[in-house]
Each structure stands twice: as structure tokens, then as C-alpha cells.
Amino acid sequence: MERLQKVIASAGVASRRKAEELILAGKVKVNGEVVRELGTKVSGDDVIMVSGEIISKEDKVYYLLNKPRGVVSTSSDDLNRKTIVDYIDTDKRIYPIGRLDYDTTGLIILTNDGKLANLLMHPTNGVEKTYVAKLNKVITPTDLMILKSGVEVDGIKCIPTRVKLRSKDIEKDKCIVEITIVEGRNHIIKNVFMKLGYLVDKLTRTRYADLTLDNLKSGEYRTLTVKEVKRLYDAAK
Ligand code: URA
């Protein structure tokens with residue numbers, strides 16, 4: 001059972017807020033009866049009509065995008081900046097699963113499958129995400145050990161599943177660290193390194209669950225296969 005406004009929104013008829021307005025305005029019927037209660041729950045068997053038209057359940061779509069730098073990862077932006085949704089050629093109302101910062105590049109999934117998005121974004125269902133971070137100076141062996149054992153950010157310890165010093169350039173005093181975490185707090189990687197005294201000059205997400213960027217160039221995307229979607233559902237359990 002799902003809330004009526006959510007079903008209307010995921011059918012692509014209107015945004016969630018507009019769907020609520022339509023319900024309150026008496027424009028929505030469930031099995032022939034006008035329903036004005038916002039909390040009404042409906043199932044897949046219920047016939048829902050909006051302004052006299054029966055709505056059909058929208059097909060679910062799943063995309064994997066290699067997000068470029070300088071793009072916001074929301075569906076719309078108040079400042080009219082380019083959003084990741086602008087890269088995808090679809091007429092469906094899609095949104096990203098989680099966020100990457102404006103200046104972070106790499107793997108992000110977009111879908112209209114709210115159930116999968118909720119499962120994957122729920123803190124207790126953390127799937128592994130791998131990031132490659134270029135730091136403003138070479139990380140010391142001690143800090144690398146501290147990083148591996150976990151760094152507290154806002155009172156919660158972020159314990160990586162894996163940390164690997166990929167390369168270091170002593171002359172330029174820069175290094176590249178690969179780090180895998182399961183949590184999804186905003187700016188978490190930058191904040192973890194900040195706590196240790198490093199700035200992240202460049203950040204890329206290279207893996208989400210078992211999905212990788214493969215050969216996708218910046219700004220390119222592909223659709224996920226049915227098997228990949230199933231694996232994402234399994235990973236979120
Ligand atoms: N952590 C960050 O600091 N930024 C991101 O974009 C993702 C994870």
C-alpha cells in the first residue's frame with residue numbers, strides 16, 4: 001500500500017505537492033469515489049483517476065551517469081544551474097539516488113523508482129561506495145592509520161571498509177587515496193579528510209554497490225540492466 005499522492009507523483013502526472021493539491025481540490029477518484037484525504041493508502045489494484053483520466057503506473061527507469069564537475073545533483077536548481085537530470089534524455093520524472101557535491105565527479109544513479117531510492121538512501125541500508133580523493137598534501141602513515149580505524153565527524157564515527165594509498169608525489173606534495181565507505185552523509189569524504197587536516201582537491205566516485213563507471217566518459221550515461229537493478233535491491237537489504 002502506498003500513499004495516494006506518491007502514486008500520482010510516481011505515475012508522472014504531477015509533482016508530489018501538486019498531487020496533494022489535486023486531492024484536496026477533489027480532482028482525484030479512487031475506484032470511482034472522490035478522495036480528499038491526503039493520507040489515503042492505495043494498492044496496485046485500485047483504479048485511480050486524476051481529472052477524469054485513469055493513471056497508469058509509470059515504467060521504472062534506471063540510469064548510471066558519470067557526473068561532470070560543476071553540475072548540481074538535484075532535479076532542479078533555484079540558481080538555474082545545470083543539473084544532472086539535464087544530461088539524461090527522458091520524459092520521466094527522475095531523481096538521483098543520494099547526492100554528489102557540485103565539484104565532485106563520477107558515478108551517480110538516477111531513477112523514478114522511489115522504493116529503491118529510499119532503500120538505498122536509508123542509513124541502515126548503506127551500500128559500499130568507493131571514492132578517489134586527491135589531497136592537497138601527502139598523507140602521513142599515522143594519518144592513514146587513523147583514517148583506517150575511523151574518524152569522527154559531527155559525533156558519528158565514519159569507519160571506512162577499505163582505504164588504499166593509490167599514489168603519492170613527494171615533489172609536488174600531493175597524493176591520491178581510494179576510500180570505500182557505507183554511509184551517505186553530505187560532504188562526508190571532505191569532512192573526514194578535513195578532520196585529519198587535509199583538503200580534497202578533487203573527488204570522484206568510482207563505485208556504487210558493485211556498479212562501476214567502466215568506459216563512461218564525463219557526462220555520458222547508460223541504462224542499468226534488469227540484473228543490475230536486482231543486485232541493487234539485494235545490496236540494499
Ligand atoms: N563526500 C563528499 O565530501 N562529497 C561528495 O560529493 C560525496 C561524498
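In each ligand, atom 1 is the first atom listed, and ligand 1 is the first ligand listed.
- Relative to the ring axis of Y87, K67 does not place its NZ or CZ within 45° and under 6.0 Å from the centre.
- No side-chain heavy atom of L107 sits under 4.5 Å from any side-chain heavy atom of N66.
- The protein non-hydrogen atom at the shortest distance from atom 1 (N) of ligand 1 is I189 N, 3.1 Å.
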Open item on the list: D77 vs R81, test: salt bridge (charged side-chain N to carboxylate O under 4.0 Å, His left out). Steps then yes/no.
Closed with: CA-CA 6 Å; D77 182 53; R81 288 174 298 183; 3.0 Å; yes
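- The closest protein non-hydrogen atom to atom 7 (C) of ligand 1 is Y131 CE2, 3.6 Å.
- Between N191 and ligand 1, no pair of N/O atoms sits closer than 3.5 Å.
- Nearest to atom 4 (N) of ligand 1 among the protein's heavy atoms is D101 OD2, 2.7 Å.
- The contact set between ligand 1 and T104, taken as ligand atoms under 4.0 Å from a residue heavy atom, comprises 4 (N), 5 (C), 6 (O).
- Across T74 and V85, no two heavy atoms sit closer than the pair O-CG2, 4.2 Å.
- Close contacts of ligand 1 with L203, meaning ligand atoms under 4.0 Å from a residue heavy atom, involve 1 (N), 2 (C), 3 (O), 4 (N), 5 (C).
- Salt-bridge formation is detected for the pair R162/E128: a Lys NZ or Arg NE/NH1/NH2 atom is positioned less than 4.0 Å from an Asp or Glu carboxylate oxygen.
- The shortest N or O to N or O distance between R185 and ligand 1 is not under 3.5 Å.
- With respect to D103 and K190, a salt bridge is recorded, a charged nitrogen being found less than 4.0 Å from a carboxylate O.
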